Number of protein chains: 2
Amino acid sequence: MGLRADYVTRPREWIASILAREPRFLSAAQIHQGLERDGARVSLSTVYRTLDHLQGKGDITARPDADGEVTYMLCEPSRHHHHAICRTCGRVEDVDCAAMEQFAESLRARNGFELDGHAIEFFGKCGACR
Amino acid sequence: MGLRADYVTRPREWIASILAREPRFLSAAQIHQGLERDGARVSLSTVYRTLDHLQGKGDITARPDADGEVTYMLCEPSRHHHHAICRTCGRVEDVDCAAMEQFAESLRARNGFELDGHAIEFFGKCGACR
DNA sequence: CGGGATTTTGCGAATAGTTCGCAAATGAGG
DNA sequence: CCTCATTTGCGAACTATTCGCAAAATCCCG
């Protein structure tokens, strides 16, 4: 009976490796370009399918950028945290913050609003870009 | 000499009126459908152009939804605040919160990160949907 | 209220990002 | 090394959004 398989293939390894070395959100097209630069010939379709696959496994986080283009980054959603995104270079730094969590909790109480999640992003310039 | 004009037209009034009565983020297509329902025949191009126009005036806020489709809502960005979005009906409630601002400020100090902005969204169920 | 300069609209075509179908290639396991 | 399920590549299809241009609407001023 078909228990879903999960093949390890070159394209998947290459794509994961691109994501692994870039601490920023990349679009499918950017990943595809990165593969070409590395001399790895992978179709854009496969990039999209692999990204869906990685997302399904919970290995990457997707986020539409300001223009609506979807971008992806290696990021365990298990350990809850937020992001600080550099406006200049796009570098993403994790912001793990108990105070923020606590604040969100307190909001749950107020408002007739049953809070079950939140998304927080900080923008600015990272140390290197200042 | 051409100081930019700003014509008041039926399409623009109709579109603004749709936005004015919906406390949630709507896509261009949804707005277009709303216009048709009202018997107002406006082209989709005009919907997009009017949304750009309103955004330029600072009358509406745009936000790509989870799938990357851009959605719009009447919302003065002048008074800084955040949103609580109902997972069931999409209703958006404003969350004006000094504590959050203060928290963001404190983050500016830590990290080598020069914070110049942030985006916060809360998700859950509004009173009506619980 | 009428005329003319300027802006806006509608339409259809063009673009960009993403998905899909299907045959060929690849990985897992015996 | 053989077989079978999964994955890939390709090109076509789709969807959201933008654009060019001629026609229509708006504004302003007399």
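Just so you know, these numbers come straight off a predicted model, no measurement behind them.
- A 6.0 Å sphere centred on CZ of B/R87 holds more than 12 heavy atoms belonging to other residues, nucleotides or ligands.
- The distance from atom CD of B/E36 to atom P of C/dG10 is 12 Å, rounded to the nearest whole Å.
- The distance between atom CG of B/D65 and atom C1' of C/dG17, rounded to the nearest whole Å, is 14 Å.
- Each of B/S27 and A/L44 lies near DNA chain D, and the nucleotide nearest A/L44 is the one positioned closer to the 5' end.
- As a whole-Å value, the separation of B/H53 NE2 from C/dT9 P is 9 Å.
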Margin query: One pair to check against ring pair (Phe, Tyr, Trp, His ring centres under 6.0 Å): B/H83 and A/H118. What are the steps and the verdict?
Written below: CA-CA 10 Å; B/H83 291 140; A/H118 61 270; over 10 Å; no
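- At whole-Å resolution of the value, CD in A/Q30 and C1' in C/dT18 are 16 Å apart.
- We find that CG of B/L35 is positioned 14 Å from C1' of C/dG10, with the value rounded to whole Å.
- Among C/dT9, C/dG21, D/dT17, the nucleotide with an atom closest to any side-chain atom of A/R49 is C/dG21.
- Going from atom CG of A/D6 over to atom P of C/dA28 covers 10 Å, rounded to whole Å.
- A salt bridge is defined here as a Lys NZ or Arg NE, NH1 or NH2 lying under 4.0 Å from an Asp or Glu carboxylate O, and B/K57 with B/D52 fails to meet this definition.
- In this structure, B/K125 does not pair ionically with A/D116, as no charged nitrogen and carboxylate oxygen lie closer than 4.0 Å.
- Between C/dG10, C/dT7, C/dT18, one nucleotide has an atom nearer to the side chain of A/A28 than all others, and that is C/dT18.
- Phosphate contact (OP1/OP2 of C/dT8, side-chain N/O of B/T9, threshold under 4.0 Å): absent.
- Phosphate contact (OP1/OP2 of C/dT8, side-chain N/O of B/R12, threshold under 4.0 Å): present.
- When the nucleotides D/dA16, C/dG21, D/dT7 are ranked by their closest atom to the side chain of B/Y48, D/dA16 comes out on top.
- Not a single donor-acceptor contact under 3.5 angstrom links the side-chain atoms of A/R10 to the base of C/dG27.
- Nucleotide D/dT7 holds its P atom 16 Å from the CH2 atom of A/W14, rounded to whole Å.
- Within 4.0 Å of B/S45, counting heavy atoms only, lies at least one base atom of the nucleic acid.
- Both A/T46 and B/D52 lie close to DNA chain D; mapped to their nearest nucleotides by heavy-atom distance, the more 5′-ward contact belongs to A/T46.
- In this structure, A/C89 and A/R24 approach most closely via the heavy-atom pair O-NH1, 2.9 Å.
- With C/dG10, C/dT6, D/dT8 as the candidates, the nucleotide lying closest to the side chain of B/Y7 is C/dT6.
- With rounding to whole Å, A/E13 atom CD is found 15 Å from D/dT8 atom C1'.
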